[in-house]
There are 2 protein chains.
Amino acid sequence: MLYIKCIFGGVKKTMTRSEENYIKSIYHLDKVESAMVSTNAIAEEMQTKPSSVTDMVKKLSEKGMVNHKRYKGVSLTEIGRKAALSIIRKHRLWEVFLVEKLDFAWDEVHEVAEQLEHIKSDALIEKLDAHLGFPRVDPHGDPIPSKDGEFKKVIKKLLSEVEIGAEGVCVGVKDSSTPFLKFLDKNKIAINDYIKTIEKEEFDGSLYIEVNGRKVHISNQIASNLYLEIKEAE
Amino acid sequence: MLYIKCIFGGVKKTMTRSEENYIKSIYHLDKVESAMVSTNAIAEEMQTKPSSVTDMVKKLSEKGMVNHKRYKGVSLTEIGRKAALSIIRKHRLWEVFLVEKLDFAWDEVHEVAEQLEHIKSDALIEKLDAHLGFPRVDPHGDPIPSKDGEFKKVIKKLLSEVEIGAEGVCVGVKDSSTPFLKFLDKNKIAINDYIKTIEKEEFDGSLYIEVNGRKVHISNQIASNLYLEIKEAE
DNA sequence: ACATATTTTTAGATTAGTCTAAATATTTAT
DNA sequence: ATAAATATTTAGACTAATCTAAAAATATGT
Ligand SMILES: [Mn+2]
Ligand SMILES: [Mn+2]
Ligand SMILES: [Mn+2]
Ligand SMILES: [Mn+2]
């Protein structure tokens with residue numbers, strides 16, 4: 001197994017690729033549910049078996065990356081959270097690189113970034129960050145954590161959940177799957193477009209909207225996967 | 001273990017990171033000795049034990065990447081050679097990227113390229129190649145194989161082996177270690193500099209040369225690690 | 001409350017890659 | 001040509017990461 005030293009929040013830890021993938025999964029699950037993360041949920045996310053998860057969770061727990069209460073689930077420690085953010089930072093910076101510099105489409109970058117995020121070199125990621133002009137968000141609108149794990153909180157709401165008449169900049173997608181992103185490309189809806197909600201169809205919950213002034217009719221499923229930045233009314 | 005399909009010379013093969021590193025080592029050893037490569041030589045190159053080499057060689061042999069005669073050593077098959085060149089291509093393209101785009105010094109890129117060379121994505125490496133303007137050589141002057149394993153043969157000679165009075169462009173280094181590259185930086189000797197040999201010191205074999213017109217005195221050890229492109233006298 | 005269903009953990013096996021120590025083959029030197 | 005030295009392979013063990021099947025804990029429904 002390949003071990004290379006890295007620094008997370010000032011604490012030197014060495015993690016295998018598998019450990020990193022688990023930590024990242026746990027982070028993502030932790031965010032949406034905010035309770036303890038269940039073994040089955042991790043297994044589902046990682047496309048693996050619950051028994052494998054139990055094994056890995058034990059190891060991560062011994063390393064101080066997660067808190068584990070038998071039969072009750074896991075949560076990230078501060079070190080684990082920092083580690084997760086470090087990997088997410090790398091993943092998103094590489095995604096920016098692939099789209100901005102190498103001309104990949106935004107639906108093609110995930111698999112490669114999934115590999116690149118594990119390259120171990122602090123100098124590399126800092127120089128990459130500079131080369132890209134210190135981007136704040138990735139091609140899908142997701143924020144890029146800073147070196148020490150901070151990130152800008154965007155006040156955003158799903159298009160399906162804003163009141164009719166609301167308007168704002170499209171700042172992200174919830175689903176990053178190829179079919180969805182390709183749909184958006186085809187319908188010329190992109191990050192940073194200005195969107196107004198015009199009317200909601202009672203029957204199917206579909207939405208009449210304006211994208212940069214152009215009228216578009218989208219299903220409720222589409223609307224449930226697009227984020228709008230909402231200006232707080234003062 | 002992580003397996004991702006890749007294409008080498010039209011033949012789909014999946015190789016682990018470890019297999020790739022072995023194949024690359026065998027390729028490098030094969031080139032200098034051109035006889036069969038010995039188990040101990042591979043163990044030395046890979047910083048591992050002969051018994052581990054034997055195991056891996058068996059696996060590579062079953063996969064059709066090397067020919068193995070028990071107790072006699074190994075040589076690469078055509079598929080193995082193509083695989084090695086594919087990895088070397090990636091390694092050197094990434095080195096160019098690190099130096100040209102991310103501002104790494106030429107003595108800092110090897111370790112990171114050693115990781116990046118294993119990223120599996122044909123699209124990635126083709127787009128990277130284009131992004132870099134299809135470079136023919138890496139920062140150390142080593143040629144970059146084309147997608148299908150061809151590369152330009154440079155007629156080059158070690159500075160220590162050319163006759164006195166010979167002159168030509170410095171096209172590469174034999175040793176790529178940090179101390180040697182830093183020495184060259186310090187003494188302002190770089191790839192593409194024009195070098196003339198003036199005189200050889202009988203006593204220690206050291207060499208008086210001119211680098212872009214500037215007089216420099218270098219030891220025989222330095223001269224034995226610098227390549228000059230020699231113009232064939234017609 | 002208690003039986004049933006679900007979730008989680010344990011036990012034991014498997015594969016890749018490595019190691020040490022011992023056995024075997026080859027090379028070298030007398 | 002034989003013995004000694006060297007090189008290579010085999011045998012057996014170890015760790016990391018996974019799996020299946022079975023056991024144990026927790027949650028759910030009536
Ligand atoms: Mn990954
Ligand atoms: Mn993304
Ligand atoms: Mn490598
Ligand atoms: Mn190089």
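Just so it is clear, the values below take in all heavy atoms, side chains as well, and ignore hydrogens, waters and symmetry mates. So you know, we letter chains A, B, ... as the sequences are listed, proteins then strands, and number each from 1.
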Novice: Would you kindly give the NZ-to-P distance between A:Lys49 and C:dT6, to the nearest whole Å?
Specialist: 17 Å
Novice: Ignoring backbone atoms, establish whether B:Lys63 has a side-chain N or O less than 4.0 Å from OP1 or OP2 of C:dA16.
Specialist: no
Novice: With a non-hydrogen cut-off below 4.0 angstrom, is A:Thr39 in contact with a base, only sugar-phosphate, or nothing?
Specialist: sugar-phosphate
Novice: From the set C:dT18, D:dT18, C:dT26, return the single nucleotide nearest to any side-chain atom of A:Tyr22.
Specialist: D:dT18
Novice: Counting only heavy atoms not in A:Glu44, do more than 12 fall under 6.0 Å of its CD?
Specialist: no
Novice: Starting at NZ of A:Lys69 and ending at P of D:dT26, how long is that distance when rounded to a whole Å?
Specialist: 13 Å
Novice: So, is A:Ser51 near the phosphate of D:dT20, with a side-chain N or O under 4.0 Å from OP1 or OP2?
Specialist: no
Novice: Evaluate the criterion side chain to side chain donor-acceptor pair (under 3.5 Å) for residue pair A:Ser177 and A:Asp175; output intermediate values, then yes/no.
Specialist: CA-CA 6 Å; A:Ser177 72; A:Asp175 176 5; 3.1 Å; yes
Novice: Would a 4.5 Å heavy-atom cut-off, applied to side chains only, mark A:Ile87 and A:Tyr27 as touching?
Specialist: no
Novice: Which is true for B:Thr54 with a 4.0 Å heavy-atom rule: it touches a base, it touches only sugar-phosphate, or it touches nothing?
Specialist: base
Novice: Side chains of B:His110 and B:Glu114: does their closest heavy-atom pair fall under 4.5 Å?
Specialist: yes
Novice: Using heavy atoms to find the nearest nucleotide of DNA chain D for B:Val53 and A:Met46 separately, return the residue whose nucleotide is more 5′.
Specialist: B:Val53
Novice: Using atom CE of B:Met56 as one end and atom P of C:dA16 as the other, report the distance to the nearest whole Å.
Specialist: 10 Å
Novice: Whole-Å distance between D:dT8 C1' and B:Met36 CE?
Specialist: 14 Å
Novice: For A:Lys72 and for A:Ser18, find the nucleotide of DNA chain D with the closest heavy atom, then tell me which residue's nucleotide is more 5'.
Specialist: A:Ser18
Novice: To the nearest Å, give me how far apart CD (A:Glu44) and P (C:dT6) are.
Specialist: 16 Å
Novice: Rounded to the Å, how far apart are B:Gln47 CD and C:dT18 C1'?
Specialist: 15 Å
Novice: Without decimals, in angstroms, what is the distance between A:Asp55 CG and C:dT8 P?
Specialist: 15 Å
Novice: Kindly say if B:Lys58 contacts the phosphate of D:dT10, meaning a side-chain N or O under 4.0 Å from OP1 or OP2.
Specialist: yes
Novice: Could you check which of C:dT24, D:dT18, C:dC19 has an atom nearest any side-chain atom of B:Tyr71?
Specialist: C:dT24
Novice: To the nearest Å, give me how far apart CZ (B:Arg17) and P (C:dT18) are.
Specialist: 12 Å
Novice: For D:dT8 and B:Asn40 - does any side-chain N or O of the residue sit under 4.0 Å from the phosphate oxygens OP1/OP2?
Specialist: yes
Novice: Would you say B:Arg70 reaches C:dT26's phosphate, i.e. side-chain N/O to OP1/OP2 under 4.0 Å?
Specialist: no
Novice: Does A:His68 put a side-chain nitrogen or oxygen below 4.0 Å from OP1 or OP2 of C:dT8?
Specialist: no
Novice: How are the rings of B:Phe97 and B:His131 set to each other: parallel, tilted or perpendicular (split at 30° and 60°)?
Specialist: tilted
